[in-house]
Trainee: 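Below you'll find the structure I mean.
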Amino acid sequence: MVTLAENITTLRIMQEIKLSEDIYYLGCNDRKTNLFENIWPIPYGVAYNSYLIVDEKIALVDTIERGFIDDYFDKIDEIIGDRKIDYLIINHMEPDHSGALKAIMQKYPDIILVGNKKTFDFIHSFYFDPTNILQVHDNHKLELGKHTINFQMIPMVHWPETMVSFEEKTGILFSGDAFGSYGTLDGGIFDDEVNLEFYEEESMRYFTNIVGKYCPHTQRAIKKLKSLDIKMIAATHGPIWRTDLDWILSRYNKWSSYDLETGVVILYGSMYGNTQKMAEVIARQIAERGIKNIRIYDASKMHPSYIISDLFKYKGFIVGSPAYNNALFPNVQTVLSTIEHMAPKNHYLGIFGNYLWSGGGVKNLKTFAEKIKWELVYDPIEEKGALRTDKHEELIKLANAMADKLLEE
Ligand code: FEO
C-alpha cells in the first residue's frame with residue numbers, strides 16, 4: 001500500500017540547480033503578471049530568484065513572490081528534508097522578494113531574519129515585528145560553517161534598505177535587484193546557457209524602469225563592490241552571471257552614468273494626424289543629416305517603459321503635442337510625467353505642437369522644458385491645423401539644430 005506521503009514524494013521530480021557545491025538556485029518564473037509593480041509591461045515575464053546555502057547552518061537568501069510558495073517549499077524540502085533553515089537573509093524588502101516571509105516564518109518558527117535597521121523598519125510596516133533578528137551593517141560577517149557572508153549596504157538600488165550579501169568562499173555576490181533583468185529564465189539559468197541578445201533590451205528596460213531614478217546610487221554601489229573578489233553575480237531577477245560578468249557590469253555602469261549615444265527619440269500625440277506629420281518632417285531631416293538612431297513614438301500606443309529605456313540610450317529628445325481642451329494631450333502628459341519622475345540627464349530637447357482653438361499643448365511643453373532643464377536646441381514651434389510652408393521650414397530648422405548638437409559631440 002503506497003501512502004499519500006510516498007505518492008507526493010514520487011511526484012516531486014525537481015531538478016536541482018546549483019551555483020556551487022552547497023548553494024542552490026530556488027527561483028521561479030512569472031509568465032502571468034502583465035505589469036511589474038502594476039506599472040511596467042513584462043511581455044516576456046520575470047524571474048524571482050532566491051538561493052539556499054546549505055552548510056552547518058542553513059541560510060536562505062531572499063524569497064519569492066508569494067503566489068509561487070508551494071513549488072518553492074517543495075524545492076526546499078527536496079534539498080534539506082527535515083533540516084531547519086537557520087537564517088533568512090533579506091537583501092531587499094520589496095514584496096517580489098519578501099512575499100513569502102510570513103509563510104516561511106510559519107514553516108520555520110525559529111528562523112532568524114537577517115537585515116539592516118531599515119529592513120526591520122519595513123518588515124514592521126508591511127508585516128509584523130519579528131523577535132528572532134540579526135541586525136547587520138556594512139562589512140558585518142555571518143559565519144555559516146564553511147561559508148561566510150559579508151554584508152554591504154547599497155541603499156537606493158533599489159530601496160533605502162537594499163544591501164548585498166557576498167559569500168567569501170565561492171565569490172558569489174547575491175546582489176538583490178542590482179544587475180537584474182526582466183525576462184523569465186526559460187531553461188537556461190546562467191549567462192553561458194542563454195542567448196544574451198534576449199536580455200539586451202529586457203535588462204536595460206528593467207534597469208531604466210526600476211533603478212534608473214537612482215543612477216548616482218548605482219554608480220556608488222558599482223565602485224563600492226569593486227573591492228570584492230566577485231566570481232559570480234546572483235541577482236533577484238534575470239540570469240546568474242558566472243562567465244561574462246562584465247556583460248552586465250559594463251552595461252549597468254554605462255546606463256547609470258548617462259553615457260548616451262547619438263540618436264533621437266521623437267514623441268508625439270496626435271488625434272487627426274497634424275502633429276504626427278510634423279514629427280515625420282523632423283525625423284526625415286534628421287535622417288538626411290546622417291543620424292540613423294531615430295525612434296518615433298506615438299504616446300497613445302507606446303508604453304512609457306519603452307520610451308524611458310530609449311532615453312537612457314539616446315541623447316536627443318523632441319516632443320510634440322496638440323492642444324487638448326486647452327491643455328497638453330493627456331497621453332503625452334503621462335509620458336512626460338514619467339520622464340520627469342525618472343529624470344534622466346544630459347539630453348538635448350526640441351518641442352513643437354498644434355492647436356485649433358486657443359492652444360495649450362506647446363504652452364505646457366515649455367513648462368516641461370523649464371522643469372526638466374535639458375538644453376533647448378531651438379525655439380518652440382506651434383502650427384494651427386494643417387502644416388504650412390513657413391512652419392515646415394521651422395521644423396527643418398529644429399531638426400538641423402538637433403542634428404548639429406548631436407553631431408558636434
Ligand atoms: Fe525586485 Fe525592487 O524588487
Side-chain angles (χ1 to χ4, degrees), residues 25-51 60-69 72 88-102 104 113-116 118-123 125-127 151-165 173-185 189 199 202-222 225 233-241 248 251-252 255-256 305 308-309 312 338 341-342:
Y25 174 74
L26 294 178
C28 55
N29 288 308
D30 183 352
R31 299 186 181 86
K32 288 183 179 172
T33 300
N34 286 316
L35 297 172
F36 192 73
E37 295 183 336
N38 213 16
I39 303 173
W40 311 105
I42 43 172
Y44 301 107
V46 69
Y48 309 115
N49 300 338
S50 168
Y51 305 92
L60 193 56
V61 183
D62 293 310
T63 74
I64 42 118
E65 207 276 334
R66 63 184 163 191
F68 298 85
I69 196 74
Y72 187 63
L88 169 55
I89 296 169
I90 304 167
N91 285 321
H92 180 29
M93 261 300 293
E94 197 167 8
D96 50 334
H97 311 297
S98 69
L101 197 55
K102 279 204 280 193
I104 286 168
L113 304 189
V114 182
N116 55 68
K118 287 196 173 71
T119 315
F120 295 113
D121 289 345
F122 291 162
I123 292 178
S125 301
F126 264 113
Y127 304 113
F151 300 99
Q152 298 289 322
M153 307 300 127
I154 57 162
M156 305 316 299
V157 191
H158 135 239
W159 275 16
E161 88 299 3
T162 311
M163 63 184 198
V164 297
S165 304
L173 179 74
F174 299 101
S175 64
D177 278 356
F179 315 118
S181 175
Y182 290 145
T184 48
L185 297 173
I189 305 291
Y199 294 98
E202 290 300 272
S203 60
M204 181 162 195
R205 214 161 53 78
Y206 174 80
F207 170 80
T208 57
N209 294 181
I210 305 301
V211 188
K213 184 171 176 62
Y214 305 109
C215 286
H217 301 80
T218 307
Q219 281 285 301
R220 278 198 282 279
I222 290 171
L225 298 177
I233 297 174
T236 44
H237 305 286
I240 298 168
W241 304 89
I248 194 71
R251 280 165 175 76
Y252 265 66
W255 302 330
S256 60
S305 167
I308 281 287
S309 191
F312 276 80
T338 309
H341 179 83
M342 292 299 179

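As the structure lists them, so they are numbered: ligands from 1, and atoms in each ligand from 1. Note that the numbering runs from 1 along the sequence shown for the chain. Keep in mind that the numbers below use all heavy atoms, side chains included, and drop hydrogens, waters and symmetry copies.
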Trainee: Measure from atom 1 (Fe) of ligand 1 to each N, O or S atom of His237 and report whether any distance is below 2.8 Å.
Mentor: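 So His237 does bind atom 1 (Fe) of ligand 1 by this criterion.
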Trainee: Verify the distance test for His158 against atom 1 (Fe) of ligand 1: any N/O/S atom under 2.8 Å, yes or no.
Mentor: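 Coordinating: no.
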Trainee: By atom name, which N, O or S atom of His97 is the nearest to atom 1 (Fe) of ligand 1?
Mentor: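 Of all N, O or S atoms belonging to His97, NE2 is the one nearest atom 1 (Fe) of ligand 1.
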Trainee: Do the ring planes of Tyr252 and Trp255 sit parallel (below 30°), tilted (30 to 60°) or perpendicular (above 60°)?
Mentor: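 The arrangement is tilted - the two ring planes meet at 30° to 60°.
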Trainee: Determine, stepwise, if the pair Asn209 / Tyr182 fulfils side-chain contact (heavy atoms from CB on, under 4.5 Å).
Mentor: CA-CA 10 Å; Asn209 294 181; Tyr182 290 145; 3.1 Å; yes
Trainee: Just by distance, with hydrogens left out, do Asp177 and Tyr206 show a side-chain donor and acceptor under 3.5 Å apart?
Mentor: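 There is such a pair (donor and acceptor under 3.5 Å, judged by atom type) between the side chains of Asp177 and Tyr206.
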Trainee: Counting only N and O atoms by type, is there a donor-acceptor contact under 3.5 Å from the side chain of Thr63 to the main-chain atoms of His97?
Mentor: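 Yes: the side chain of Thr63 pairs with the backbone of His97.
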Trainee: Could you check whether Ser305 and Arg205, counting side-chain N and O atoms only, form a donor-acceptor pair closer than 3.5 Å?
Mentor: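 The answer is yes; a qualifying pair exists.
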Trainee: Which atom, among the N/O/S set of Asp177, is closest to atom 1 (Fe) of ligand 1?
Mentor: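 Nearest N/O/S atom: OD1.
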Trainee: Has Asp96 got an N/O/S atom less than 2.8 Å from atom 1 (Fe) of ligand 1?
Mentor: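 True for Asp96.
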Trainee: So what does the His92 NE2 - atom 2 (Fe) of ligand 1 - Glu94 OE1 angle come to, to 10°?
Mentor: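 Reported to 10°, the angle equals 100°.
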